[in-house]
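Just below is one structure, and these are the notes that go with it.
Per chain, numbering begins at 1; letters A, B, ... match sequence-line order. When reading the values below, keep in mind they use all heavy atoms of this one structure, side chains included, and skip hydrogens, waters and symmetry mates.
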2 protein chains.
Amino acid sequence: MSVQERKQRERAERERLIVATARELAEQQGWDAVTTRRLAERIEYSQPVLYSHFRGKREIIGAVALEGAAEMATALRAAASVADGPRARVTALARTYLDFAARNPAVYDAMFQLDGGLAFAKEETPQPLKDAFAALLDSLGEVAGDGVHPGRFTEVFWAALHGLATLTRAGRMPPEDTEQRVELLVDRLAVL
Amino acid sequence: MSVQERKQRERAERERLIVATARELAEQQGWDAVTTRRLAERIEYSQPVLYSHFRGKREIIGAVALEGAAEMATALRAAASVADGPRARVTALARTYLDFAARNPAVYDAMFQLDGGLAFAKEETPQPLKDAFAALLDSLGEVAGDGVHPGRFTEVFWAALHGLATLTRAGRMPPEDTEQRVELLVDRLAVL
DNA sequence: GACCCGATCCTAGCACCGCTAGACAATCGA
DNA sequence: TCGATTGTCTAGCGGTGCTAGGATCGGGTC
């Protein structure tokens, strides 16, 4: 059995390598540059090997998205836990979210802009995605205000953050005033 | 001179045909289906003809985006003009924006998701884009609140709308509660 | 009215894409 | 040691955006 176990380990290791390489390449040169040929060359295997791990390019994007969601959830919870008081917590949350999007644009795209074949807002939604949303909900629920459904409030706040993240990065909005936009958002949206 | 004028007219007419066909095809089957070959076939010319009008596919997307921006600006101004009172005006504006995005998903993508090679938030930004933003600014500036820069307020409000539009359409957010999200957004963000 | 020449358009092809069939080699179990 | 299974590769399919170069058509001039 030990031989099979070793092979399984090596296979899992290679799968991690594929995802990590795809992510790295995407961050360096954008997702357009992540072709199956280039990816195969970088991991030093032939193209069809990719298809023994993933159904296609979409699934590779999906894997990067899940990895990113887990990281984002961790970052959000960490930021929320060190801040004291609802206001500081929400502000830290918003800053952390936008910071993550700015520092990991390709991962952010995999999560929210590209088609990674993942289900959202459904029962079959993968756990990391649910958890990232839950991380937002945990901090935002307490500032939703009376009579406002916490989930709905979180959706709206999240949408605003997502809009700021994408429009800024796509050059639709000057990047300098991000901090002031965050303050405005927190001041107005949250009930403190 | 009349012959040249006729030719110019025909050329301009064909250019409109290209843009309209690209838009139609994109709305019917998504932008992935808008290939230069299919587009050429639909307008009943050969592929290279497209390149005598546009530098490439990007510029065609950009042309659709500009057309869409002009329409959106018109729709926003129309909605704002019939509502009386700041609150009704802002609500109508938000609804109209989201409605436009939902009814013209491909055009909306051309404007804000895809790369149409257009400049944003700069001096050389094409007029229709500036005008669409101005349409938002006209109605939103009056509810920015004291001491808040109207442009910045508009950016934040716009980002929230953009987030709602894209996340809803991409299935990241259940579409049923849109109206309640709009109300929450207007209630909290606008100073009435 | 005939001819030339420039504008216009098309055929054919480039390099690349995602993905897959089928040949081949290495490894395992009997 | 041999057969079967597993794993990997080469080669190729139909598609993409884009372009070079030849054919054709029509207006302007003699």
Side-chain angles (χ1 to χ4, degrees), chain A residues 1-19 21-23 25-26 28-65 106 109-110 114-118, chain B residues 1-19 21-23 25-26 28-65 106 109-110 114-118:
Chain A
M1 275 302 162
S2 166
V3 172
Q4 287 197 1
E5 281 174 15
R6 195 204 70 224
K7 288 203 172 184
Q8 258 187 320
R9 262 204 323 276
E10 287 174 352
R11 226 187 115 72
E13 178 52 38
R14 194 172 61 181
E15 190 158 315
R16 274 194 295 276
L17 178 63
I18 292 173
V19 176
T21 306
R23 176 175 178 168
L25 189 51
Q28 284 171 357
Q29 304 177 219
W31 277 106
D32 278 353
V34 183
T35 69
T36 54
R37 281 174 178 77
R38 248 192 290 260
L39 188 49
E41 195 190 0
R42 284 227 183 175
I43 63 168
E44 295 180 313
Y45 281 92
S46 73
Q47 239 182 325
V49 165
L50 301 174
Y51 293 87
S52 74
H53 288 272
F54 302 95
R55 281 176 189 279
K57 193 183 170 180
R58 248 165 60 132
E59 266 196 10
I60 297 177
I61 295 173
V64 172
D109 281 348
L114 302 176
D115 179 11
L118 302 174
Chain B
M1 274 301 164
S2 167
V3 171
Q4 288 197 1
E5 281 173 14
R6 196 203 68 224
K7 289 201 173 182
Q8 256 186 322
R9 262 205 322 276
E10 288 173 353
R11 226 187 116 71
E13 178 54 36
R14 194 172 61 182
E15 190 157 316
R16 274 194 296 276
L17 177 64
I18 292 172
V19 176
T21 306
R23 175 175 177 169
L25 190 51
Q28 283 171 359
Q29 314 183 31
W31 276 106
D32 278 353
V34 183
T35 68
T36 54
R37 280 173 179 76
R38 249 192 290 260
L39 189 49
E41 196 189 1
R42 285 226 183 176
I43 63 168
E44 295 180 311
Y45 280 94
S46 74
Q47 239 181 326
V49 165
L50 300 173
Y51 293 87
S52 75
H53 289 270
F54 302 95
R55 284 175 187 277
K57 194 181 170 182
R58 249 164 60 131
E59 265 195 10
I60 297 177
I61 295 173
V64 172
D109 281 348
L114 302 176
D115 180 11
L118 301 174

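Counting non-hydrogen atoms under 4.0 angstrom, B/Arg38 reaches the backbone sugars and phosphates but no base. Within the 4.0 angstrom heavy-atom criterion, only backbone atoms of the sugar-phosphate kind lie near B/Arg14; the bases stay farther away.
We find that CD of B/Glu10 is positioned 14 Å from C1' of D/dC25, with the value rounded to whole Å. The CZ atom of B/Phe54 sits 18 Å away from the C1' atom of D/dT19 (whole-angstrom rounding). Distance NE2 (A/His53) to C1' (D/dT6): 13 Å, rounded to an integer number of Å. Atom pair B/Leu50:CG and D/dT16:P shows a separation of 13 Å (rounding to whole Å applied). Atoms CG (B/Leu39) and P (D/dG17) sit 9 Å apart, rounded to a whole Å. Atom OH of B/Tyr45 is separated from atom P of C/dT8 by 12 Å (rounded to the nearest Å). Remark: C1' of D/dG17 and CH2 of B/Trp31 are 15 Å apart, rounded to the nearest angstrom. D/dT8 atom C1' lies 13 Å from atom CD1 of A/Ile18, rounded to whole Å.
The salt bridge (charged side-chain N to carboxylate O under 4.0 Å, His left out) search around A/Arg16 returns A/Glu13, not counting sequence neighbours. Under the side chain to side chain donor-acceptor pair (under 3.5 Å) criterion, B/Arg37 pairs with no residue, sequence neighbours left out. Listed by chain and residue number, nothing satisfies the side chain to side chain donor-acceptor pair (under 3.5 Å) test with B/Gln29 (two or more places apart in sequence, or in another chain). Every residue two or more places apart in sequence or in another chain that forms a side chain to side chain donor-acceptor pair (under 3.5 Å) with A/Arg14 is listed here: A/His53. A/Thr36 pairs by the side chain to side chain donor-acceptor pair (under 3.5 Å) definition with A/Gln47, not counting sequence neighbours.
The shortest side-chain heavy-atom distance between A/Leu39 and A/Thr21 falls under the 4.5 Å cut-off.
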List, with names and distances, any nitrogen or oxygen atoms from the protein found under 3.5 Å away from nitrogen or oxygen atoms belonging to nucleotides 18-21 of chain C.
unit_1	atom_1	unit_2	atom_2	d
C/dG18	OP1	A/Lys57	NZ	3.2
C/dG18	OP2	A/Thr36	N	2.8
C/dG18	OP2	A/Thr36	OG1	3.0
C/dG18	N7	A/Arg37	NH1	2.9
C/dG18	O6	A/Arg37	NH2	3.0
C/dC19	OP2	A/Tyr51	OH	2.9
C/dC19	OP2	A/Lys57	N	2.8
C/dC19	O5'	A/Tyr51	OH	3.3
C/dC19	N4	A/Gln47	OE1	2.7
C/dC19	N4	A/Gln47	NE2	3.0

